[in-house]
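Each remark here refers to the structure printed beneath this line.
Here is the naming used below: chain letters follow the sequence lines, and residue numbers restart at 1 for every chain.
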Amino acid sequence: MMRQKIQFATAAAACLLLAACATPSDPPPPDVEVPVPLPEGIDFDPDLSTEPPDDSCDPLASYRPGSVTAEEARETLAEPDLVRIGISQSTNLMGYRDPVSNDLSGFDIDIAREIAERLMGSADAVQWVPMTSSEREEAVNSERADLVVRTMTMNCERWQEVEFSTEYYHAGQRLLVQSESGIEGLEDLTADHQVCTGEGSTSPGNINRLSEAQPVTVPDFNDCLVLLQQGVVDAITTDDTILAGMAVQDPTLAVVGEPFSEEPYGIAFAKGNTELAQYVNGVLEDMIEDGTWAEIYERWLATPLDQPDPPPVTTTYQD
Amino acid sequence: MTVQSPPAPPQASPPKTPGAPPGDSWVSRALAALRHTPGQLRGLLTVLVVLILGAGVTGMTAILGKSAVIEQTTSQSGRLSVAALQLYQALSQADATAASSFLTAGTASDTVRITYQEALRDASVALTTAAGEVETTEDAQLVAEIDARLPVYTGLVESARTFNRLGEPVGATYQRQASTLMRAEMLPAANTLQSNAIGDLGEARDDAASFPWIAAALGVLTLGVLVWSQIWLSRKTNRVFNLGLVGATVAMIGFAGWLALSALASASHTERSHEEGADPLELLSEAHIAAQQARAEESLLLIARGEDGDAADRYAEQMTQLTGEGGLLEQLNDSFGDDSGLSGPLAEADESASAWSDGHDEVIKLAREGSYSEAVDMAVGEDENSLATSFDQLNEALTEATDISAERFVGATADAERSLSGAAAGLAVLALLAMVCTAIGIQLRVAEYHA
């Protein structure tokens, strides 16, 4: 009897011991990294070609205005009493919705309004077609838009896809940095610097070719400003017009250095629609001549770019 | 049990006489005793006591185990799954309302801002509750990940709001980045936490609904042995009834009946709690969350000024999940459309969801045509035909259905708990009674031999 009790007690003790071992000891406290909000699709090490751009053509050469009348130009529109203009609604100073009034504003918008007024006889006969930069070529060729005025650089690749007007603004790629960062130009960038830029544009290739800095690409260049403000990247590089639109939103930022690329902006039309291009070229010539162009520049870009005199615009024709 | 001599060959073993087995083991003594009636009676008593004890203990443990599991569904794992669900919903709602409120900032219709603040409070409360209930390292990690991101998220939302009020377009980018953080990191973590908790609940459901087979088998076996003993005894003693054993039989019948009834009743209440409560609750919460996320994407589309094609895709994905063929609303209507309580709110949810979906196409058309202000008005305005109205109606209908289902879940769980109340104590008393009756009945017979 005694023996049984001892056996039972031993078994019970063994069970308890097992149970005690099976219970996990206090788990370690959770290990959480500091959360850094990043935009979707950010690439800290994009695959970029270092090939120089295609210069087999003269991207500035468009079609001579000739004698194309507004009426003839209107006949090329998908709807004769409405011109549909592709624009950006999110590029500050160039084409954007004013956050307070929700109105479309900017340099590109005013240029487009002026064209619409001279083409249609009224600035109200416009349908604005908001689009991303990657949609521009497709939009004019699929008749979603009759023309696109959207910080579009003319180059030889794009000339294969669309027709361009003459140059209506001459932009150049520059750097946007924190004023106190000590970076004053391209030459101050080292391999330790991360430079943010929009993917799919010419900017990441240029910075990759011209400096040692590490390009970081994001799907939408507006994300770059948030990344710079949060200290994730050291600089932003893209066209000076777009950088100026960012700089005016934050007094601690500055656009620095000399332009290190040529970005001639043109208005895009469907491939083959040279008549509309000719008419618009005539309008652009008039606008430059009668001072409307200088007025629009003065309104949007003179102060933010800190350049009272506009960069010279080259008007050349291929015919 | 010391064996000092080698075992004797079987032929040489002398016939064993009762009461005098010098140096022999207790087993052979017991075997010897079983050749005589008093010994056999004592042996029978031992077997019956062991069986009754076995049935009693297993029956009690099974019932106590069920009670504990049911209690757990209303306490720890229940609280965790409710908290995880509330967290997931509150975060989705915060994101949807932050985005809408960004669009209405500064206007009179900025009432969504208050909903945003409430959603944030709900999320914080749910996080605190979940943190107190988590039991695994994985869940604790999830709660910590969400907790660490919540202030970052609100920081981004407030930056967005401030920049927007200052008229700086970068506010829109901050708002989009806040939503990305929520969508890419916080909501998936909340979703995982919720599925973990629901998995625990499912296990508890199976435990609570299982039938106590061992206890039932032991009870039936005990009854069989009791009946057999009475037949055997009546042959041995020529007396028809042994009152003690009859009493024990009655007690054991009561035992088996109570055990079976309470187990079946609690199982059926538990099933009901899931079919009428937990199942619709799960579908409803998924529908709620899909609606909130679709709404967030819709606002983001407008915040990105129509220049975010991914937001359109994500909206379509959520909306298909909600209203598409075989989608959540269809599943809900198929399963609960005939339910008198749920059919009303479900029909209303269906109606407002399709109104919303149609209106969305109109908003996108307006935005694509450049009528941005009209598109925003229609999306977040207070007009009767605005998407905000349809969305609010959908939200209300889903909330109503959720409340009904939650009430049913609580009711059925309470019923399941009640059907088990007293069963453990009652079973113990009956088993004890059966044991005492058996002992008395058999001891009386044994005593006759010694008299």
Side-chain angles (χ1 to χ4, degrees), chain A residues 1 3 24 26-42 84-93 95-105 126-135 144 218-230 245-246 248-250, chain B residues 1 102-103 105-106 134-153 155-156 159-160 163-174 176-178 180-186 302-310 367-374 376-377:
Chain A
M1 219 42 182
R3 211 184 167 83
D26 271 347
D31 184 16
V32 182
E33 279 179 33
V34 177
V36 179
L38 295 174
E40 249 169 333
I42 186 168
R84 288 169 310 168
I85 305 181
I87 38 101
S88 169
Q89 296 193 108
S90 66
T91 311
N92 200 27
L93 297 186
Y96 70 107
R97 287 272 170 194
D98 186 291
V100 178
S101 66
N102 266 344
D103 289 338
L104 265 180
S105 334
V126 182
Q127 187 186 96
W128 301 107
V129 184
M131 60 181 62
T132 63
S133 54
S134 59
E135 289 173 316
R144 226 184 100 201
V218 290
D220 177 355
F221 58 72
N222 284 308
D223 287 327
C224 285
L225 179 51
V226 174
L227 291 173
L228 181 63
Q229 287 180 332
Q230 295 185 331
M246 295 182 178
V248 295
Q249 300 185 57
D250 186 340
Chain B
M1 282 249 294
F102 182 86
L103 287 171
V134 288
E135 289 193 328
T136 66
T137 319
E138 193 206 344
D139 287 354
Q141 179 74 26
L142 287 169
V143 169
E145 297 275 358
I146 300 171
D147 214 355
R149 279 166 179 74
L150 194 56
V152 180
Y153 172 80
L156 289 171
S159 298
F163 275 118
N164 200 38
R165 291 218 145 194
L166 291 172
E168 305 293 7
V170 71
T173 314
Y174 272 92
R176 285 173 50 211
Q177 211 149 81
T180 304
L181 177 70
M182 179 62 85
R183 182 182 58 248
E185 298 180 24
M186 297 169 75
L302 292 171
I303 290 171
R305 317 295 186 210
E307 291 180 25
D308 186 351
D310 292 346
R368 281 180 74 93
E369 286 171 357
S371 309
Y372 182 77
S373 303
E374 288 83 350
V376 170
D377 267 354

For B/Arg176 and A/Val226: C-alpha separation, side-chain torsions, deciding distance, then whether side-chain contact (heavy atoms from CB on, under 4.5 Å) applies.
CA-CA 11 Å; B/Arg176 285 173 50 211; A/Val226 174; over 6 Å; no
So A/Gln230 and B/Leu156, side-chain contact (heavy atoms from CB on, under 4.5 Å) or not? Walk me through it.
CA-CA 10 Å; A/Gln230 295 185 331; B/Leu156 289 171; 3.2 Å; yes
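Distance check, rounded to the nearest 0.5 Å: CG of A/Asp220 to CG of B/Asp310 gives 11.0 Å. Remark: A/Asp103 CG to B/Tyr372 OH distance equals 12.0 Å, nearest 0.5 Å. Rounding to the nearest 0.5 angstrom, the gap separating the OG1 atom in A/Thr91 from the CZ atom in B/Arg305 is 11.5 Å. Note that CD of A/Gln229 is 9.0 Å distant from OG1 of B/Thr173, once rounded to the nearest 0.5 Å.
Looking at B/Ala367, only its backbone comes within 4.5 Å of chain A, counting heavy atoms on both sides. With a 4.5 Å cut-off on non-hydrogen atoms, A/Leu38 touches chain B through its backbone but not through its side chain. Contacts of B/Phe163 with chain A are made by side-chain atoms alone, with heavy-atom separations under 4.5 Å and no backbone atom involved. Within the 4.5 angstrom heavy-atom criterion, atoms from both the backbone and the side chain of B/Val170 approach chain A. Proximity to chain A is limited to the side chain of B/Thr180, based on heavy atoms less than 4.5 angstrom apart. Neither the backbone nor the side chain of A/Val34 comes within contact range of chain B, judged by heavy atoms closer than 4.5 Å. Neither the backbone nor the side chain of B/Leu166 comes within contact range of chain A; no heavy atom of the residue lies under 4.5 Å from a heavy atom of that chain.
The residue among A/Glu135, A/Met246, A/Met131 with the most heavy atom pairs within less than 4.5 Å of chain B is A/Met131. For the options B/Leu142, B/Asp147, B/Val152, heavy-atom pairs under 4.5 Å to chain A are most numerous at B/Val152.
Side-chain contact between A/Asp223 and B/Gln177: present, with at least one pair of heavy atoms (C-beta onward) separated by less than 4.5 Å.
Applying the salt bridge (Lys or Arg N to Asp or Glu O under 4.0 Å) criterion to B/Glu138, with sequence neighbours excluded, gives no partner residue.
Environment of CZ in A/Arg144: crowded, with over 12 heavy atoms of neighbouring residues, nucleotides or ligands closer than 6.0 Å.
Between B/Glu369 and A/Arg84 there is no salt bridge, since none of the side-chain N atoms of the basic residue sits less than 4.0 Å from a carboxylate O of the acidic one.
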